[in-house]
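Here the structure comes first, spelled out in structure tokens, and everything after it is commentary.
Numbering starts at 1 and runs along the sequence shown. What's counted below: heavy atoms across the whole structure, side chains too, no hydrogens, waters or symmetry copies. Both counts, for ligands and for their atoms, begin at 1 and track the order of listing.
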Amino acid sequence: MSSPAADTPSIGRKIIVAIDGPAGAGKSTIARHLARHFGLLNLETGAMYRAFGLKALRRGVPLDDPSALQLLSAETTIRLEVGDTENRVLLDEEDVTGLIRNQMVTDAASRVSIFPPVRAWMVRLQQQLGAEGGIVMEGRDIGTVVFPNAEVKIFLDAAPEVRGMRRFDQLGPAPAQQPEEVIRDLRSRDQRDRNRADSPLRPAPDAVLLDSTHMTLDEAVKAAEAIVDERLAAAAPPAHSPTPTTPLSS
Ligand code: DC
């Protein structure tokens with residue numbers, strides 16, 4: 001695990017920052033930045049669903065069979081190791097970090113994540129991971145289900161076209177997909193994430209909404225930083241207790 005950089009303004013408290021939102025909204029960039037800036041550990045829960053999706057694909061377990069997926073989960077361990085730039089994901093102790101970003105696994109992760117037994121298992125793992133606090137955790141249900149008492153909740157969103165183009169730009173110089181295909185895939189994943197019966201993607205009532213449609217990622221990072229600062233200042237006890245006022249008469 002990486003330790004916070006020495007010159008970060010460590011907040012010295014075991015807070016939890018929950019970042020939720022759809023794919024391509026900039027969650028990972030923002031979570032990474034906030035973790036570094038505030039001296040917190042960064043835990044990316046989507047990687048855990050991706051690792052499980054990969055295992056189901058490898059084993060040939062039907063992605064629409066909750067009982068089979070539940071049995072599979074019982075013989076699976078998934079661990080996140082926090083690194084400086086990204087989490088390493090260990091599936092049954094195998095490092096699968098480089099194997100979980102392709103389109104097949106992306107789709108499988110979204111499919112397996114609709115089933116309550118899979119979610120209950122993941123939520124338990126994530127609550128154990130974050131039990132000590134001092135974390136930024138990003139996903140879809142962190143502020144609503146995993147850590148409903150998180151001190152700071154940010155719901156990050158952006159228009160699907162903008163999110164799709166950001167994803168497309170990340171595909172590198174010889175992209176395997178056209179922009180329209182990336183946007184179409186993203187929309188169908190959005191639909192599944194937002195409409196599943198168990199813990200659909202939606203903002204917690206006390207989340208701060210951050211729409212990055214018209215922002216650069218840099219601007220969104222700064223806005224997120226300001227939200228955390230503001231929330232922490234609001235939650236902090238006053239620096240000095242107020243001087244008692246003298247009663248006018250006694
Ligand atoms: O954040 P991501 O795109 O890597 O997530 C992959 C899939 O996992 C996503 O389609 C929905 C699911 N997911 C979820 O249901 N709950 C989370 N907390 C994180 C991810």
Please state which part of Arg196 comes within less than 4.0 Å of ligand 1, counting heavy atoms only: side chain, backbone, both or neither.
-> side chain

What's the shortest distance from atom 8 (O) of ligand 1 to any protein heavy atom, and which residue and atom give it?
-> Tyr49 CB, 3.4 Å

Close side-chain approach of Met215 and Lys222, heavy atoms under 4.5 Å = no

Option from Arg192, Arg140, Arg119 for which side chain to side chain contact (heavy atoms under 4.5 Å, CB included) with Ser113 holds = Arg119

With heavy atoms and a 4.0 Å threshold, my read on which part of Val146 contacts ligand 1 is neither

Where is the nearest protein heavy atom to atom 19 (C) of ligand 1: which residue, which atom, and how far?
-> Thr45 OG1, 3.4 Å

Indicate yes or no: does an N/O atom of Asp141 lie under 3.5 Å from an N/O atom of ligand 1?
-> yes

With side chains defined as the heavy atoms from C-beta onward, is the minimum distance between Leu54 and Leu99 less than 4.5 Å?
-> yes

Location of contacts on Glu138 toward ligand 1, heavy atoms closer than 4.0 Å | neither

With Arg163, which of Asp169, Asp185, Asp190 fulfils salt bridge (charged side-chain N to carboxylate O under 4.0 Å, His left out)?
-> Asp190

If we number the atoms of ligand 1 from 1 as shown, the ones under 4.0 Å from a heavy atom of Ser113 are 11 (C), 12 (C), 15 (O)

Salt bridge present between Glu44 and Arg50 (N-O < 4.0 angstrom) | no

Heavy atom of the protein closest to atom 16 (N) of ligand 1 (residue, atom name, distance) = Arg119 NH2, 3.1 Å

Nearest-contact summary for atom 10 (O) of ligand 1 - protein heavy atom, Å = Arg189 NH1, 3.0 Å

Residue Glu132 excluded, over 12 heavy atoms near CD under 6.0 Å | no

Give the atoms of ligand 1, by number and element, whose distance to some non-hydrogen atom of Ser110 is under 4.0 Å.
-> 10 (O)

Report yes if the side chains of Thr77 and Glu93 come closer than 4.5 Å at any heavy-atom pair, otherwise no.
-> yes

among protein heavy atoms, the one nearest atom 2 (P) of ligand 1 is Arg140 NH2, 3.6 Å

So which protein heavy atom does atom 11 (C) of ligand 1 come closest to, and at what separation?
-> Asp193 OD1, 3.5 Å

Connected hydrophobic set around Leu217, excluding itself, where side chains approach under 4.5 Å | none

State the atoms of ligand 1, each with its element, that fall below the 4.0 Å cut-off from a heavy-atom position in Arg50.
-> 2 (P), 3 (O), 4 (O), 6 (C)

Contact list for residues 78-135, test ring pair (Phe, Tyr, Trp, His ring centres under 6.0 Å), sequence neighbours left out | Phe52-Trp121

